[in-house]
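Each chain gets a letter, A, B and so on, in the order the sequences are listed, and its residues count up from 1. For clarity, every value in this text was computed on a predicted model and none was experimentally measured. Heavy atoms only: backbone and side chains are in, while hydrogens, waters and symmetry mates are out.
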Amino acid sequence: MTPAKLAATVLSAARAVFETRGLDVSALPETTTMERPRNPEHGDYASTLALQLGKKAGVAPRELAAALAEELSRQPGIKSVEIAGPGFLNIRLDAAAAGVLARDIVQAGEAYGHTEELAGERINLEFVSANPTGPVHIGGVRWAAVGDALSRLLRAAGATVGTEYYFNDAGSQIDRFAKSLLAGAKGEPAPEDGYGGAYIAEIAAAVVAAAPDVLKLGEAEQLETFRRVGVDLMFAEIKQSLTEFGVHFDTYFNEKDLHESGALDQALERLREQGHIFEADGATWLRTTEFGDDKDRVLRKSDGDWTYFAADCAYYLNKRRRGFDRIVIMLGADHHGYIGRMKAMAACFGDDPKVNLEILIGQLVNLVRDGQPVRMSKRAGTVVTLEDIVEAIGVDATRYALARFSSDSPIDIDIEEWTRATKDNKVYYVQYCAARTAGVARQAAELGVVRGDPASFHPELLSHEKENDLLKALGEFPDVVVRSAELREPHHVARYLEDLAGAYHRFYDNCRVTPQGDEKVTDTHRARLWLNDATRQVIVNGLGLLGVSAPERM
RNA sequence: GCGCUCGUAGCUCAGCGGAUAGAGCAACGGACUUCUAAUCCGUCGGUCGCAGGUUCGAAUCCUGCCGGGCGCGCCA
């Protein structure tokens, strides 16, 4: 009996009650959720359905609860139903009905937690998209960890997902980057507004190595060479460090391609057809105020150049034309001012900005040293990069540490502190659980405890309080995945895994899977092995969603 | 000034409109001859920023205020 099945049972019981009493069946919701009460006196699962429906149906919640309880207690697998407080239904399951879950999970394997909830949704998820003017720093690392986890979650929830890195290779930042490289190659100091840092000298040297005659060219050609080769090298480095971080993008999209393919003109035409373009002061504008933006936005400047926003418009249209119906973009809080114009832009294209475009704003990562904030600056070279942090604490610890926080809360990273406190990282609590389940399984195999035929599994033997708690935690996993995917909040998965690991550790402390001394192997041992293996499966699946490994030994 | 966001234990943070608000760290005290002690158990610790409102029920939703962060270019 999974929570989902129980919820369905509660709903059908409610339907039966409504029908026999002649109540309005349309008041019933399509789905209902089961709560896992903190207080064990409140049963294994609780439903608040009677409370929610009381008013709609015009029946006192407690009266409705009583009728529901009577109906429910006749259902197989349900041991008891109690009414509490204003109309809570506190439900207890038969140990056997609860225990079957262990076998279900083992049999489902990697599929446990995968649902079809978001089936049919075609989601484009853009994240990181750092300019190739320097290595990925800790700000970008957060989105790499969270965005990659989110893409895995969305897929697990049944969506079709395309991940995307927008690779800005056309703007003035790039020009500054090229000038900085040129200066570096000549041994000159970085220009005003340019980039400093040791990596500039390295890339500059690499450009010279790739194009030995570059410094003999005319100045324009020099710049062009440093721009082209430098961006390629820088981007290759970014891609490499992301790959080592376990993050892969389905599409690396060049801004330059938008310009060269005429996509900007097409987007402008499309917007003009929709009637949202006007000319003023020699520039071409999009009337975004029509859809709630603070001010109208320039697409083409009076000097004839496109704005960055114009490229955003073309890029959005490009994604939509590639068949994505949900464009999701993860941005740092320093870009939240873009939401208004982006939403308005989607509306100008004739889309529904609430449906087709989602902008996820994440709070920034602050670099801290000795308790004092340090301003990161590529120019000053005070940048902590993806590689720095991975080198300091490792891929798993980095990904986990970043993914377990809500994106709404800013994170302070003191790299020395993080390195020193590595052992405190929660990832090890969860990974240790994974290693323990594997260790128990090894020990079981050695002592002749085998799960055996699924038909010979005795779920009713999983009756210990800690076994029951563990089963309830295991049952939550699919809901956690769906909810995290729908809310775009991967951190719930991490928090859930910590909760699950705790339940397993307590089970481990109280219930032996393998016999000791001269004990014979019993059905209880075998039943517990199912539970052990089910736990391992869920930890493996859950860590997989976060891109974190589940070791067999630690 | 306008907009977004956050404010929960000493610190870092969870918390789906549900019952007595949780975890880790820190402090203190226990549990390894037995499946891995990177674990477990216990103690200590709270006006959920403040004030109203909606609700059977609010840390959660709404309004106002206070405080922190961020943003408000024909920059990218």
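Taking the C1' atoms as reference points, B:A38 lies 14 Å from B:C32, given to the whole Å. One C1' atom belongs to B:C50, the other to B:G67, and the distance between them is 11 Å to the nearest Å. Between the P atoms of B:C11 and B:C74, the separation comes to 43 Å (whole Å). Here the separation of B:C61 from B:C16, taken at their P atoms, is 9 Å to the nearest Å. Rounded to a whole angstrom, the distance from the C1' atom of B:A9 to that of B:U47 is 13 Å. When the P atom is used for both B:A58 and B:U20, the distance is 11 Å, rounded to whole Å. To the nearest whole angstrom, the two P atoms, one in B:U60 and one in B:G49, are 8 Å apart. The gap from the C1' atom of B:C44 to that of B:G10 amounts to 12 Å, rounded to the nearest Å.
Atom NZ of A:K466 is separated from atom P of B:U39 by 17 Å (rounded to the nearest Å). Taking atom CG of residue A:D408 and atom C1' of nucleotide B:U8, one finds them 15 Å apart after rounding to whole Å. Following rounding to the nearest Å, A:F507 (CZ) and B:C41 (P) show an atom-to-atom distance of 15 Å. Here the P atom of nucleotide B:G24 and the OH atom of A:Y400 are 13 Å apart, to the nearest Å. One atom, CZ of A:F477, and another, P of B:C16, lie 19 Å apart when rounded to the nearest Å. Distance A:R512 CZ to B:C32 C1': 12 Å, rounded to the nearest Å. In this structure, A:Q431 atom CD and B:U39 atom C1' are separated by 15 Å, rounded to whole Å. Atom CG of A:D499 and atom C1' of B:G24 are 13 Å apart (whole Å).
Mapping A:I411 and A:A280 onto RNA chain B by nearest heavy atom places A:I411 at the nucleotide closer to the 5' end. Toward the 5' end of RNA chain B, the nearer of the two residues A:D412 and A:W285, judged by each one's closest nucleotide, is A:D412.
A cation-pi contact, defined as under 6.0 Å to the ring centre and within 45° of the axis, is absent between A:R227 and A:F177. Geometrically, A:R287 engages A:F278 in a cation-pi contact, judged by NZ or CZ lying under 6.0 Å from the ring centre and within 45° of the ring axis.
A salt bridge links A:R36 to A:D499: one of the charged nitrogens lies within less than 4.0 Å of a carboxylate oxygen. Between A:R300 and A:D305, none of the side-chain N atoms (NZ, or NE/NH1/NH2) sits under 4.0 Å from a carboxylate O, so this pair counts as no salt bridge. Using a 4.0 Å cut-off between a side-chain N of Lys or Arg and a carboxylate O of Asp or Glu, A:R272 and A:E279 qualify as a salt bridge.
Taking A:R62 as the reference, nothing meets the salt bridge (charged side-chain N to carboxylate O under 4.0 Å, His left out) condition, with sequence neighbours excluded. Residues that satisfy the side chain to side chain contact (heavy atoms under 4.5 Å, CB included) test with A:H458, not counting sequence neighbours, are A:E460, A:L461, A:D523. Under the ring-ring contact (aromatic ring centres under 6.0 Å, His included) criterion, A:F167 pairs with A:F235, sequence neighbours left out. For A:A346, the side chain to side chain contact (heavy atoms under 4.5 Å, CB included) partners are A:Y316, A:D351, A:P353, A:L357, not counting sequence neighbours. For A:N366, the side chain to side chain contact (heavy atoms under 4.5 Å, CB included) criterion is met by A:P410, A:D412, not counting sequence neighbours. Not counting sequence neighbours, the partners of A:F507 by the ring-ring contact (aromatic ring centres under 6.0 Å, His included) test are A:Y504. With sequence neighbours left out, the salt bridge (charged side-chain N to carboxylate O under 4.0 Å, His left out) criterion links A:E35 to no other residue.
Contact of the A:K295 side chain with the A:R341 side chain is not registered, since no non-hydrogen atoms from C-beta on lie closer than 4.5 Å.
Counting any heavy atom pair closer than 4.0 Å across all strands shown, A:S406 reaches sugar-phosphate atoms only and no base atom. When heavy atoms are screened at a 4.0 angstrom cut-off, A:N510 is found touching no nucleic acid atom at all.
In summary, the side chains of A:T514 and A:R512 do present a donor paired with an acceptor at a separation below 3.5 Å, with no hydrogens or angles considered.
When the side-chain nitrogen and oxygen atoms of A:K426 are compared with OP1 and OP2 of B:C25, none of them lie within a distance under 4.0 Å. Look at A:H491 and you won't find any side-chain N or O under 4.0 angstrom from OP1 or OP2 of B:C13.
Listed by first and then second residue, the ring-ring contact (aromatic ring centres under 6.0 Å, His included) pairs that reach into residues 408-435 of chain A are A:Y429-A:H505, A:Y432-A:H505, sequence neighbours excluded.
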For nucleotides 18-22 of chain B, which of its nitrogen or oxygen atoms have a protein nitrogen or oxygen under 3.5 Å away, and what is each distance?
residue, atom, partner, partner atom, Å
B:A19, N6, A:N90, OD1, 2.7
B:A19, N1, A:N90, OD1, 3.0
B:A19, N1, A:N90, ND2, 3.2
B:U20, O4, A:N39, ND2, 3.1

Hey, what are the protein-to-nucleotides 36-38 of chain B N/O distances that come in under 3.5 Å?
residue, atom, partner, partner atom, Å
B:U36, O2', A:Y432, OH, 2.1
B:U36, O2', A:R436, NE, 3.3
B:U36, O4, A:M554, N, 3.0
B:A37, OP2, A:R436, NH2, 2.4
B:A37, OP2, A:Y508, OH, 3.1

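Distances from the side chain of A:S302 to the nucleotides B:G24, B:C35, B:C74 place B:C74 closest.
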* Asked: Taking protein heavy atoms under 4.0 Å as touching, what does nucleotides 68-73 of chain B look like 5' to 3' if B marks base contact, S marks sugar-phosphate-only contact and - marks none?
  -> --BSSS
* Asked: For RNA chain B, what string of dots and brackets results from 5' to 3' when Watson-Crick and G-U pairs need both distances under 3.5 Å, crossing pairs get [ ], and pairs with another strand get |?
  -> (((((((..((((....[...)))).(((((.......))))).....(((((..]....))))))))))))....
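In this structure, B:C32 shows a glycosidic angle within 90 degrees of zero, which is the syn conformation.
Considering A:T2, A:T535, A:I539 in turn, A:T535 is the only one that fulfils the side-chain contact (heavy atoms from CB on, under 4.5 Å) rule with A:L474.
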